[in-house]
Amino acid sequence: MLFRLKLQSMFTEVFGLGRAAALSAIVLILAVLALGIFLFFYLKPPSTITIISGPEGSAFRRTAERYAQILKRNGVNLKILPSEGSGDNIKKLSDPLSKVDVGFVQSGVNNGVKTDKLVSLGSISYQPLFVFYSSASHMDLLSQLIGKRVAVGELGSGTHTLSLTLLAANGIEPGGPTKLLEMDSNQAAEAILKGKVDAVFLMGDSVSTALIRQLLNTPFIRLFSFIQAAAYTRRITYLNKITLPRGSIDFGKDTPADDVFLLAPTVELIARENLHPALTDLLIEAAQEVHSAAGLLRRKGEFPAPIEQEIRISGEA
């Protein structure tokens, strides 16, 4: 009470305000201060956010762990959830009941999923598809898999979605003469190594780098080269043609022995549309630190990039 009277007296003497005007000015200033304090704490970005990544050992999981280290420097804790891959990620991101803020999603897996409340923070990398097959001779066309046993990835993974799309384009559908087997990457690799399947489709959202190297170095297993890659990218527009150069895996062993043409969708960093702008900035900074360097399958500065696929690019991004 005494403070209010002193403040009122000061306004009256300094600004020449009447008693009622001085009182109104005090109330207005206090209201603005209260609003400012409220907005400061209400709009302050959360200190913990949740990212959905991929299976243990996958490229998605390793990338999430690097993001976590970078965000920690800025006082933000990144909680990492495992998943079955891109298909699982987009479903959880679009589900308002799941407590997921951001995740990695391979382009082309959004069919049937409502994504109007999601935004893309940009494409962060290519996600190459590796098709390994067991044969004494080279195979040039996917249609040559008709009648064989093919592991098409685990249900819910980006591998599963893309492999069925490519096989369908070659006349291979579920229920036909080709036996399409749903299994995870480890099961698929074990199956082809033991001769239980003839070919496997693998992608980085659900397979470890060590497993890819093991298959590349197994004598009787070959890596399929998409000689029709340019045509595929015209028909399936979210795909890109990339080249795995000869010897790039192992110079001494000359692995692979020839240039290999691969198909690759891009991986997008997808977030809920209400993600705090400050966290958007931090995630993009993390993406720049992790993905901007040159790599085996990308040029320096190629990623991250504001390439819009099925989900709109965030205004903040």
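Listed for the Ser83 side chain is a donor-acceptor partner under 3.5 Å among the backbone atoms of Gly85. Ser225 contributes no side-chain N or O that, together with a main-chain N or O of Ile227, makes up a donor-acceptor pair within less than 3.5 Å. Using modelled atom types, one side-chain atom of Asp259 and one backbone atom of Arg246 make a donor-acceptor pair closer than 3.5 Å. At least one donor-acceptor pair closer than 3.5 Å links the side chain of Asp184 to the backbone N or O of Asn186. With Asn217 contributing its side chain and Arg213 its backbone, the two residues share a donor-acceptor pair below 3.5 Å. Side-chain atoms of Glu190 do not come within 3.5 Å of backbone N or O of Gln187 as any donor-acceptor pair. Side-chain atoms of Thr159 do not come within 3.5 Å of backbone N or O of Gly153 as any donor-acceptor pair. A donor-acceptor contact shorter than 3.5 Å is absent between the side chain of Ser123 and the backbone of Glu268. Without hydrogens or angle criteria, Gln144 side chain to Leu141 main chain gives a donor-acceptor distance under 3.5 Å. A distance-only check finds no donor-acceptor pair linking the side chain of Asn89 to the backbone of Gly103 [under 3.5 Å].
By the 4.5 Å heavy-atom criterion applied to side chains, Leu283 and Leu275 are counted as neighbours. In this structure, the side chains of Thr115 and Ile90 come closer than 4.5 Å at one or more pairs of heavy atoms.
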* To do: Please lay out, stage by stage, how Gln106 and Thr266 fare under the test side-chain contact (heavy atoms from CB on, under 4.5 Å).
  => CA-CA 6 Å; Gln106 170 189 311; Thr266 54; over 6 Å; no

* To do: Show your reasoning for whether side-chain contact (heavy atoms from CB on, under 4.5 Å) applies to Val76 and Thr48.
  => CA-CA 6 Å; Val76 176; Thr48 300; over 6 Å; no

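Using a 4.0 Å cut-off between charged nitrogen and carboxylate oxygen, Arg73 and Glu289 count as a salt-bridge pair. At a threshold of 4.0 Å, the pair Lys92-Asp88 counts as salt-bridged, since one of the basic side-chain nitrogens sits closer than that to a carboxylate oxygen.
Within a 6.0 Å sphere centred on CZ of Phe251, other residues, nucleotides and ligands contribute 12 heavy atoms or fewer.
The distance from the CZ atom of Arg272 to the CG atom of Asp101 is 7.0 Å, given to the nearest 0.5 Å.
Glu84 and Ser157 form no side-chain donor-acceptor contact under 3.5 Å, judged by distance and modelled atom types alone. Side-chain atoms of His160 and Glu154 form no donor-acceptor pair, as typed in the model, at a separation below 3.5 Å.
Within the 6.0 Å centre-distance limit, the rings of Tyr67 and His291 are counted as a close aromatic pair. Aromatic pair Phe130/Phe201: centroids not less than 6.0 angstrom apart. Taking the six-membered ring for Trp and the full ring otherwise, Phe104 and Phe60 have centroids separated by under 6.0 Å.
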When the side chains of residues 230-241 are checked against the rest of the protein, which donor-acceptor pairs come out under 3.5 Å, sequence neighbours left out?
from: Tyr232; atom 1: OH; to: Asn170; atom 2: ND2; distance (Å): 2.8
from: Thr233; atom 1: OG1; to: Ala230; atom 2: O; distance (Å): 2.7
from: Asn240; atom 1: ND2; to: Ala264; atom 2: O; distance (Å): 2.9

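The salt bridge (charged side-chain N to carboxylate O under 4.0 Å, His left out) contacts involving residues 214-224 comprise nothing, where partners must be two or more places apart or lie in separate chains.
The hydrophobic cluster containing Ile221 also contains Val200, counting ILVMFWY residues as joined when their side-chain heavy atoms lie under 4.5 angstrom apart, directly or transitively.
Of the candidates Lys179, Arg149, Lys148, Asp198 forms a salt bridge (charged side-chain N to carboxylate O under 4.0 Å, His left out) with just one, namely Arg149.
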